[in-house]
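Read through the structure below, which is laid out as structure tokens, and then see the notes.
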Number of protein chains: 2
Amino acid sequence: MQKITINDVAKYAAVSKKTVSRVLNNEANVSDKTMLKVKEAFVALSYRPNPQARGLASNQSFLIGLVYDNPNKSFVSAIQTGALEICNQQGYHLLIHPTDHESPDLLDNLMQLITQSQLDGLVLTPPFSDMKNLLKMLDESKIPYARIAATTDKSTAVSVISNDKKSAYEMTQHLISLGHVDIGFILGHPHHAVTAQRYNGYKKALSDNGLALKKQYIVEGRFDFSSGEKAARNLLGLKKPPTAIFASNDHMAAGVMKVANQKNILLPSQLSIVGFDDSPISEHIWPSLTTVRQPFKLMANKAIEMLIKCIRKEPLEIKFQETESILIVRESSAPHQN
Amino acid sequence: MQKITINDVAKYAAVSKKTVSRVLNNEANVSDKTMLKVKEAFVALSYRPNPQARGLASNQSFLIGLVYDNPNKSFVSAIQTGALEICNQQGYHLLIHPTDHESPDLLDNLMQLITQSQLDGLVLTPPFSDMKNLLKMLDESKIPYARIAATTDKSTAVSVISNDKKSAYEMTQHLISLGHVDIGFILGHPHHAVTAQRYNGYKKALSDNGLALKKQYIVEGRFDFSSGEKAARNLLGLKKPPTAIFASNDHMAAGVMKVANQKNILLPSQLSIVGFDDSPISEHIWPSLTTVRQPFKLMANKAIEMLIKCIRKEPLEIKFQETESILIVRESSAPHQN
DNA sequence: TATTATTTTGACACCGGTATCATTAACGTT
DNA sequence: AACGTTAATGATACCGGTGTCAAAATAATA
């Protein structure tokens with residue numbers, strides 16, 4: 001059970017190692033006959049090219065880095081899975097790289113990661129997908145990269161675009177159609193580009209329905225549970241509290257739910273609560289949470305596919321892809337009661 | 001900004017490349033004087049050895065695989081973080097490998113992963129840490145591996161052992177000291193070795209306190225939310241339901257909580273619910289969950305440290321390390337009311 | 001001091017692939 | 001048939017390190 005190398009294959013197929021290499025890399029100008037011979041040798045010897053050697057010779061690493069924000073765990077798992085699927089299939093390895101997006105030496109750290117690990121490419125997830133200084137650095141460094149769930153297509157990099165504005169619009173529309181008029185909104189973390197998107201969707205739905213935007217119903221948040229609690233205490237402490245609260249993500253919605261429970265507000269009859277992201281928690285709290293599901297796994301699939309094409313310098317028809325999110329109506333949103 | 005190779009360093013330090021290599025690998029028999037010269041050259045040129053070349057020449061990959069069960073997300077994040085810390089620091093890359101532990105061709109898949117990716121080592125998390133056939137295969141394949149949160153130390157591999165029995169004992173003791181006598185217990189997934197451990201801790205605490213073990217209070221579960229719901233309907237439907245429920249993990253405890261809410265049982269006054277794992281959800285539900293926190297990050301640290309020593313064939317004093325779990329008392333456990 | 005044992009060092013092959021470029025084979029053309 | 005052109009193939013250097021082994025330098029011993 002010794003290792004099979006390209007030389008063994010070459011000997012077996014009675015060709016030179018360079019020809020084997022050609023077949024391996026689908027290079028042109030190999031006759032069908034020899035191609036067949038070599039491919040037979042592959043299976044006969046169950047040959048696996050050595051990635052190290054390949055990398056050394058061709059100055060590649062077959063490594064792709066996945067950058068995500070440390071505390072933000074809800075969608076990371078799905079993205080990891082989706083990214084891995086394509087990586088494995090295409091012979092790349094995925095290196096995960098949790099980072100704090102507020103770290104002052106973020107750029108240096110990433111640059112070091114790239115050079116030190118000799119990454120072939122990088123995948124960015126929110127909020128990195130929209131960090132202008134980061135994108136600029138990457139553009140200058142010439143490293144191929146892809147963005148997941150980016151909000152704008154004003155980039156040189158391949159991107160999977162999310163339409164959060166549309167989804168937030170639909171969610172707000174859902175609440176309005178349940179009879180709600182006084183709808184509180186909890187903003188996301190200001191560093192995330194989606195924060196503005198979701199807020200804009202909310203605003204547009206209100207105005208399209210002729211409802212006024214009430215300042216006191218818009219409160220700040222930071223995408224985490226405790227900021228949701230804080231925002232809820234704020235909203236539910238108003239003289240005329242809202243009858244529905246749209247939190248910019250599920251964790252904050254869970255925080256709202258906790259506060260509502262503490263205040264003995266009956267859910268969902270006295271207060272509708274909705275979130276965004278379809279985090280695992282959304283199904284595991286009571287009442288279960290109406291939310292928006294984004295196809296993160298699919299987004300990761302597409303991002304990696306495009307990225308690998310970039311790395312291989314294959315022609316790429318489309319640089320921007322959009323995916324569809326869906327509204328998941330569960331128990332936490334109910335008709336408005338007088 | 002061209003790449004700095006070992007030849008550049010050798011030239012700069014006026015030694016042979018082999019000597020540079022020696023310094024790089026901390027080999028013996030290098031005089032202090034030359035060692036210093038070379039190290040100065042390292043910093044002067046800011047040299048980074050090429051992992052590909054290193055790997056090719058020394059038949060290593062500097063890759064470590066992390067195997068975990070796909071749906072089981074609660075502790076994976078902490079383990080990833082802990083593993084990465086040490087990997088980065090020691091110059092290894094971590095390849096994550098989510099898998100279904102019930103997959104029929106699990107062994108083949110893992111074997112393929114090892115050979116194809118040329119992993120230097122493997123880290124197992126529950127339930128893989130205690131799967132005998134898997135351990136046997138790995139032993140035979142001679143690949144170094146480490147086990148995280150294993151329950152037994154009857155293994156040839158380095159392991160971080162968790163003492164779940166003790167923690168479950170303490171948790172049960174906690175409930176008993178709150179005055180509970182009728183304590184329901186929801187078992188974990190039968191494939192997980194910790195399931196028996198936790199159950200044993202529960203049993204021992206009962207018997208040590210002179211309490212009878214009531215069969216109808218022990219129900220099956222599978223570590224997921226819905227099995228917790230099912231178990232809760234079972235327990236809370238009894239003529240004389242328990243006044244406290246100990247679920248073998250937090251997700252199931254959350255399921256219990258949902259059912260209790262649906263049945264309008266006041267929490268925690270009418271029913272105490274406790275879990276295990278300190279999953280993120282435990283803080284985000286209402287009432288927040290009393291649970292057991294295991295130091296997964298630390299466990300991963302230790303596992304990787306030991307694994308890398310194995311890979312490098314360095315002497316290893318201790319093959320088994322135990323870590324301390326702590327009881328986290330939150331809102332969901334309260335004194336028994338008559 | 002001469003001799004032997006032990007460190008320290010370097011020359012060079014080698015790991016398993018790819019890149020370059022020359023060579024050979026196959027194909028049209030006139 | 002002779003020629004030029006293009007396609008197919010291989011010889012060999014090379015990627016950036018490590019392993020082997022012999023040579024040189026140093027230390028230990030007689």
Side-chain angles (χ1 to χ4, degrees), chain A residues 2-39 41-42 45-63 91-93 115-118 120 311-313, chain B residues 2-39 41-42 45-63 91-93 115-118 120 311-313:
Chain A
Q2 88 262 310
K3 256 177 299 180
I4 303 293
T5 77
I6 198 172
N7 294 300
D8 302 318
V9 178
K11 208 170 293 173
Y12 186 99
V15 295
S16 73
K17 59 194 278 198
K18 177 64 212 186
T19 298
V20 177
S21 169
R22 286 197 179 91
V23 175
L24 212 54
N25 297 288
N26 292 314
E27 285 177 32
N29 298 335
V30 178
S31 75
D32 295 355
K33 201 175 50 186
T34 51
M35 164 119 59
L36 210 67
K37 268 199 303 187
V38 173
K39 285 191 170 167
F42 284 169
L45 304 175
S46 65
Y47 166 69
R48 299 248 142 246
N50 180 326
Q52 322 258 350
R54 240 142 90 89
L56 176 59
S58 61
N59 201 25
Q60 290 179 265
S61 64
F62 302 100
L63 297 177
Y92 282 79
H93 287 315
T115 57
Q116 181 158 346
S117 300
Q118 321 232 179
D120 287 346
I311 292 173
R312 295 188 176 146
K313 303 199 170 140
Chain B
Q2 88 262 311
K3 257 180 297 180
I4 304 292
T5 78
I6 198 172
N7 294 301
D8 302 317
V9 178
K11 208 169 295 172
Y12 187 98
V15 296
S16 73
K17 58 194 278 198
K18 178 64 213 187
T19 298
V20 177
S21 169
R22 287 196 179 93
V23 175
L24 211 54
N25 296 288
N26 291 315
E27 284 178 32
N29 299 335
V30 178
S31 74
D32 295 356
K33 203 174 51 185
T34 51
M35 163 119 58
L36 209 69
K37 267 198 304 185
V38 173
K39 284 192 172 166
F42 283 170
L45 304 175
S46 64
Y47 167 69
R48 298 253 141 241
N50 180 326
Q52 322 260 349
R54 240 141 90 88
L56 175 59
S58 62
N59 200 28
Q60 291 179 266
S61 65
F62 302 100
L63 297 178
Y92 282 79
H93 287 316
T115 57
Q116 181 159 345
S117 299
Q118 322 233 181
D120 287 345
I311 293 173
R312 295 188 177 147
K313 303 199 169 138

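Proteins get letters first, then strands, A, B, ... in listed order; numbering begins at 1 in each.
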Nearest-neighbour nucleotide for the B/S16 side chain, C/dG10, D/dT9, D/dG17 considered: C/dG10
With heavy atoms under 4.0 Å as the rule, sort B/V20 into base, sugar-phosphate or nothing. nothing
Picking from D/dT18, D/dG17, D/dG16, which would you name as closest to the side chain of B/S21? D/dT18
Does the side chain of A/S58 get closer than 4.0 angstrom to OP1 or OP2 of C/dA19 through an N or O atom? no
How about A/R54 and A/N25: does a side-chain donor come under 3.5 Å of a side-chain acceptor? yes
Side-chain donor or acceptor of B/Q52 paired with backbone N/O of A/N59 under 3.5 Å: no
How many whole angstroms separate atom CZ of A/R54 from atom C1' of C/dC15? 16 Å
Considering only heavy atoms and no angle criterion, is a donor-acceptor pair shorter than 3.5 Å present between the side chain of A/K18 and the base of C/dA19? yes
By nearest-heavy-atom nucleotide on DNA chain C, the more 5' of A/L24 and B/A14 is B/A14
I'd like to know whether A/Q60 forms a side chain to side chain contact (heavy atoms under 4.5 Å, CB included) with A/R312, so could you lay out the CA-CA distance, the side-chain angles of the two residues, the decisive distance to 0.1 Å, and finally the verdict. CA-CA 10 Å; A/Q60 290 179 265; A/R312 295 188 176 146; 5.8 Å; no
Side-chain N or O of A/T34 versus OP1/OP2 of D/dA8: is the shortest distance under 4.0 Å? no
Nearest whole angstrom, please: distance from the C1' of D/dG17 to the CZ of B/R48. 16 Å
Spacing between B/Q52 atom CD and D/dC14 atom P, to the nearest angstrom: 20 Å
Applying a 4.0 Å non-hydrogen cut-off, can you work out what B/N29 is touching in the nucleic acid: base, sugar-phosphate, or nothing? base
Is a side-chain donor-acceptor pair under 3.5 Å present for A/K3 with A/N50? no
How is B/N59 classified with respect to the nucleic acid when contacts are heavy atoms under 4.0 Å: base, sugar-phosphate, or nothing? nothing
A/N25 vs C/dT18: side-chain N/O to OP1/OP2 distance below 4.0 Å: yes
Is there a donor and acceptor pair, one atom on the side chain of B/K17 and one on the base of D/dG16, closer than 3.5 Å? no
Can a side-chain donor-acceptor contact be found between B/R22 and B/N29 if the only test is distance below 3.5 angstrom? no
B/A53 side-chain proximity, nearest of D/dG16, C/dG17, C/dA19: D/dG16
For B/D32 and D/dT26, give me the distance from atom CG to atom P, rounded to whole Å. 14 Å
Nucleotide C/dC15, atom P - distance to CD1 of B/I6 in whole Å: 18 Å
For atom NZ of B/K37 and atom C1' of C/dT8, their distance in whole Å: 12 Å
Of the candidate nucleotides C/dT9, D/dG16, C/dT18, which contains the atom at the shortest distance from the side chain of B/V30? C/dT9
For A/Y92 and A/D120, the nearest pair of non-hydrogen atoms, with its separation, is CE2-OD2, 3.8 Å
Atom pair distance, as rounded to whole Å: CE in A/M35 and P in D/dA8: 9 Å
Report which part of the nucleic acid A/N7 touches: base, sugar-phosphate, or nothing (heavy-atom distance under 4.0 Å, all strands). nothing
Hey, does the side-chain of A/R22 have a donor or acceptor N/O within less than 3.5 Å of a partner on the base of D/dG10? yes
Any A/S31 side-chain N or O less than 4.0 Å from OP1/OP2 of D/dT9: yes
Pick the closest DNA chain C nucleotide for B/T19 and for A/A57 by heavy atoms, then say which residue is nearer the 5' end. B/T19
Taken to the nearest whole Å, CG/A/L56 to C1'/D/dA13 is 13 Å
